*Asks:* 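I have a structure I would like to understand better, so I am pasting it below and will then ask my questions one at a time.
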Amino acid sequence: MSHRKWEPKIVAFVCNWCTYAGADAAGTRRMHYAPNVRMIKLPCTGRIDPHFIVKAFEQGADGVLVSGCHPGDCHYVSGNLYARRRYTVFRELLEFLGVDPRRLQFSWVSAAEGAKWVEVVNEVTAEIKALGPRDVGWAETNGHQPPIVVAPELAQTPQAVVDAGSTTEALRAIARELLEKKEVAVVVGYEEGSLPGVTTPAFITKPEDADRLVWNEHCVNNLSVYLTRKQVTRLGRVGVVAKGCDARSIVGLIQENQARRENVVIIGVQCGGVQMSVRAAKGDRELESVSAARTLIQVDGELAPKCYACDVHTPKIYDHLAKGDAAVTRPLAAADPRFAEIAALERMSPDERWAYWQAQFDQCIRCYACRAVCPLCYCETCIADKSRPQWIPTSATSQGNLSWNIFRAYHLAGRCIGCDECSRVCPADIRLDLINRKLAQSVQEAFGYTAGFDMAAAPPLLTFRMDDQGEFIR
Ligand code: FES
């Protein structure tokens with residue numbers, strides 16, 4: 001039996017020009033410091049992708065340190081300023097998922113600051129040593145039960161009252177005219193599905209088929225996902241039916257150059273809220289978990305949670321508006337009740353949160369339905385499908401599931417508009433909606449940015465300000 005004392009393994013990602021040179025200076029001066037850090041040199045902190053951090057933890061690191069040039073000193077002018085923004089969001093994500101923030105640390109260390117490097121390494125090592133080994137890491141959790149969270153109380157009880165008859169007529173008239181005048185090649189809207197209370201996407205290419213279109217409280221799908229699908233775009237100019245929330249994802253696609261404004265005709269609908277039916281009766285145990293909140297909210301025939309505090313009943317952007325009687329006839333909640341769930345999770349200890357999310361992600365079967373339905377997941381080759389290098393283990397193990405869900409969430413940070421399509425289609429009922437909302441909240445607090453409202457705005461993680469917050473950096 002080995003009696004070797006445990007020592008933390010810390011991976012340090014450092015920029016070549018400042019921190020690496022600073023560490024080199026410390027070595028040249030024969031300064032002593034903790035030997036726990038494995039240093040990986042990269043050109044700039046702007047090149048230190050958060051994916052590297054995920055991989056380090058996945059491969060067994062007890063802690064990660066990221067270090068580079070002070071603001072203003074970056075040898076690529078602003079790499080560290082972009083990086084500061086990314087880390088601001090990424091560390092909030094990891095913390096929300098239950099990684100103790102002391103395990104992921106940041107510093108600015110210049111080439112002249114060998115002494116500071118020694119100090120940083122010693123302090124970080126001591127903190128991680130005090131935390132102990134990261135043995136609840138990317139590993140099997142043996143069916144750890146999520147802790148109990150009391151469901152949040154709603155500010156008011158909503159009533160799903162949407163009479164959409166004339167909205168349907170308005171929609172059909174707009175689609176018919178657009179197709180007759182050949183202003184669009186296809187209208188993507190909703191038609192009745194084969195099951196009662198279900199609508200499915202409809203692709204209308206002939207004016208005489210416009211009467212297939214419907215608008216009612218079951219029109220849940222975010223149809224903007226088809227604006228990046230070649231099967232649709234190759235037909236020509238696309239008319240797309242958009243609720244207020246969906247229109248925000250169209251703004252995102254235009255902002256990210258995935259759709260050209262002149263190639264899209266937005267047919268806005270006034271929406272009083274859509275319904276989401278519960279897929280299956282929930283068991284007693286689940287009622288005791290965080291999911292209780294959603295179960296209580298998402299009673300069959302009632303509004304989707306995203307509609308409770310909706311403030312975009314009329315889309316902020318449209319070319320044609322199908323006006324009708326889909327008026328808002330219900331009181332609104334003061335805020336999205338899921339923020340109360342997020343707050344409840346944040347009140348837990350990191351270990352409890354970690355156990356909660358591990359239990360959630362353990363259910364993931366890697367069907368990628370969340371990716372398929374997301375309008376903002378449009379990469380031709382998703383990182384989950386890349387094999388050189390293979391960023392994410394492909395099998396549905398705890399290790400791979402956690403990494404996949406972290407990557408997915410991070411890629412949507414500052415971009416997700418909260419349409420909830422991912423959590424709607426998830427067969428395992430994973431609370432992706434909570435993660436997306438938490439990140440949207442973090443981005444709003446840190447950068448004052450809300451996704452999907454301003455086509456001309458730079459996406460928040462693709463820009464920076466000199467006065468961005470960075471108190472978490474040593
Ligand atoms: Fe050091 Fe950019 S070169 S942070």
Side-chain angles (χ1 to χ4, degrees), residues 10-28 37-57 61 63-94 101 104-121 124 255-258 379 381 383 386 388-389 391 406-407 409-415 439 442-443 446-449 451 456-474:
I10 300 167
V11 176
F13 295 105
V14 301
C15 98
N16 177 46
W17 302 102
C18 284
T19 301
Y20 188 80
D24 201 30
T28 310
V37 162
R38 278 76 164 161
M39 208 183 291
I40 298 175
K41 180 172 75 163
L42 287 119
C44 172
T45 48
R47 179 66 187 91
I48 302 170
D49 196 301
H51 299 141
F52 301 167
I53 298 170
V54 174
K55 289 309 278 185
F57 280 127
V64 172
L65 171 63
V66 176
S67 188
C69 310
H70 288 268
D73 288 352
C74 174
H75 287 52
Y76 304 94
V77 183
S78 51
N80 53 358
L81 303 177
Y82 287 104
R84 180 168 62 184
R85 280 209 161 196
R86 285 190 228 146
Y87 301 144
T88 300
V89 175
F90 185 69
R91 63 190 285 280
E92 294 238 356
L93 169 61
L94 287 199
L104 176 58
Q105 306 232 14
F106 302 86
S107 64
W108 304 133
V109 174
S110 77
E113 291 178 318
K116 180 175 177 185
W117 175 247
V118 168
E119 197 179 300
V120 167
V121 169
V124 168
Q255 230 179 343
E256 297 176 15
N257 294 319
Q258 298 305 311
C379 294
T381 308
I383 191 166
K386 287 193 173 149
R388 289 188 192 176
W391 283 101
I406 290 177
F407 279 97
Y410 176 67
H411 284 191
L412 287 168
R415 304 170 64 232
L439 287 182
S442 300
V443 167
F447 314 125
Y449 179 89
L461 299 191
L462 295 182
T463 186
F464 64 85
R465 283 172 54 122
M466 283 305 289
D467 59 355
D468 280 336
Q469 61 173 1
E471 307 81 53
F472 60 92
I473 305 174
R474 290 166 182 267

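What you see is a predicted model, and the numbers here were worked out from it, not measured in a lab.
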*Asks:* Is the number of heavy atoms from other residues, nucleotides or ligands under 6.0 Å of Arg465 CZ greater than 12?
*Replies:*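 Not more than 12 within 6.0 Å, no.
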
*Asks:* Work out which heavy atom in Ala111 is nearest to a heavy atom in Ala21; give both atom names and the distance.
*Replies:*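 Minimum heavy-atom separation between Ala111 and Ala21: CB-CB, 3.6 Å.
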
*Asks:* Rounded to the nearest 0.5 Å, how far does NZ of Lys55 lie from CH2 of Trp391?
*Replies:*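 One finds 7.5 Å between CH2 of Trp391 and NZ of Lys55.
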
*Asks:* Does Lys116 reach the main-chain N or O of Gly22 with its side chain, forming a donor-acceptor pair under 3.5 Å?
*Replies:*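 Not at all, since once roles are kept as given, no pair shorter than 3.5 Å links the two residues.
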
*Asks:* Does the ring of Phe447 carry Arg85 above it, NZ/CZ under 6.0 angstrom from centre and within 45° of its axis?
*Replies:*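 Positive - Arg85 is close enough to the ring of Phe447 and near enough to its axis.
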
*Asks:* Taking all atoms of both residues into account, what is the closest heavy-atom pair of Gly414 and Ala451, and its distance?
*Replies:*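 Minimum heavy-atom contact is O-CB, 3.7 Å.
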
*Asks:* Could you check whether any side-chain heavy atom of Phe52 comes within less than 4.5 Å of a side-chain heavy atom of Leu42, counting everything from C-beta outward?
*Replies:*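 Yes, side chains in contact.
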
*Asks:* Decide yes or no for Phe57 and Leu94: does some side-chain heavy atom of the first lie under 4.5 Å from some side-chain heavy atom of the second?
*Replies:*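 Yes, close enough: below the 4.5 Å cut-off.
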
*Asks:* Does any non-hydrogen side-chain atom of Phe472 lie less than 4.5 Å from one of Leu104?
*Replies:*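 No. Closest side-chain heavy atoms not under 4.5 Å.
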
*Asks:* I want to check something: taking the side chain as every heavy atom from C-beta on, are His70 and Glu113 in contact at a cut-off of under 4.5 Å?
*Replies:*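 Yes, at least one pair of side-chain atoms sits under 4.5 Å.
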
*Asks:* Are any of the side-chain heavy atoms of Leu93 and Leu439 separated by less than 4.5 Å?
*Replies:*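 Leu93 reaches Leu439 side chain to side chain.
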
*Asks:* Are the side chains of Tyr410 and Leu461 in contact, using a 4.5 Å heavy-atom criterion?
*Replies:*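 Yes, close enough: below the 4.5 Å cut-off.
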
*Asks:* Do the rings of Trp17 and His75 sit parallel, tilted or perpendicular, given the 30° and 60° boundaries?
*Replies:*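 Geometry flag for His75 against Trp17: parallel rings.
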
*Asks:* Between Ala458 and Tyr449, which heavy-atom pair has the shortest distance, and what is it?
*Replies:*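 Taking Ala458 first and Tyr449 second, the nearest heavy atoms are O-CE1, 3.9 Å.
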
*Asks:* If you count the non-hydrogen atoms of other residues, nucleotides and ligands that lie under 6.0 Å from OH in Tyr87, is the total more than 12?
*Replies:*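 More than 12 within 6.0 Å, yes.
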
*Asks:* Supply the atom-to-atom distance Arg86 CZ to Leu462 CG, rounded to the nearest 0.5 angstrom.
*Replies:*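 The CZ atom of Arg86 sits 8.5 Å away from the CG atom of Leu462.
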
*Asks:* Just verifying a value: how many Å separate His411 NE2 and Ile383 CD1, rounded to the nearest 0.5 Å?
*Replies:*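 His411 NE2 to Ile383 CD1: 4.5 Å, rounded to 0.5 Å.
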
*Asks:* Taking NZ, NE, NH1 and NH2 as the nitrogens, is one of them in Arg415 or Glu256 under 4.0 Å from a carboxylate oxygen of the other?
*Replies:*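 Looking at Arg415 and Glu256, the cut-off is met.
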
*Asks:* What's the spacing between Phe106 CZ and Arg84 CZ if we round to 0.5 Å?
*Replies:*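 So the gap between those two atoms works out to 12.5 Å.
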
*Asks:* Take Val11 and Ile40, measure what side chain to side chain contact (heavy atoms under 4.5 Å, CB included) needs, and give me the verdict at the end.
*Replies:* CA-CA 7 Å; Val11 176; Ile40 298 175; 3.8 Å; yes

*Asks:* Any non-hydrogen side-chain atom of Thr45 less than 4.5 Å from a side-chain atom of Cys69?
*Replies:*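 Contact flag for Thr45/Cys69 side chains = no.
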
*Asks:* Report yes if the side chains of Ser107 and Leu65 come closer than 4.5 Å at any heavy-atom pair, otherwise no.
*Replies:*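 When only atoms from C-beta onward are counted, Leu65 and Ser107 do touch, with a gap below 4.5 Å.
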
*Asks:* Between Pro459 and Gln255, what is the shortest heavy-atom contact and its length?
*Replies:*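 What the structure gives for the nearest pair is N-NE2, 4.3 Å.
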
*Asks:* What closest approach, in Å, do Val89 and Ala413 show between heavy atoms, and which atom pair accounts for it?
*Replies:*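 Val89 and Ala413 have their closest heavy atoms at CG1-CB, 3.6 Å.
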
*Asks:* Apply the side chain to side chain contact (heavy atoms under 4.5 Å, CB included) test between Ile48 and each candidate in Val14, Val66, Val64, Asn80; give the one that qualifies.
*Replies:*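 That would be Val66; it is the only one of Val14, Val66, Val64, Asn80 passing the side chain to side chain contact (heavy atoms under 4.5 Å, CB included) with Ile48.
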
*Asks:* Hey, what do you get for CZ (Phe13) to CG (Asp49), rounding to the nearest 0.5 Å?
*Replies:*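 Here the interatomic distance stands at 10.0 Å.
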
*Asks:* Could you measure the distance from the OG1 atom of Thr19 to the CH2 atom of Trp117? Nearest 0.5 Å is fine.
*Replies:*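 So the gap between those two atoms works out to 6.5 Å.
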
*Asks:* For Arg474, does the CZ atom have more than 12 heavy-atom neighbours from other residues, nucleotides or ligands under 6.0 Å away?
*Replies:*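 Yes, because the 6.0 Å sphere around CZ of Arg474 holds more than 12 heavy atoms from other groups.
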
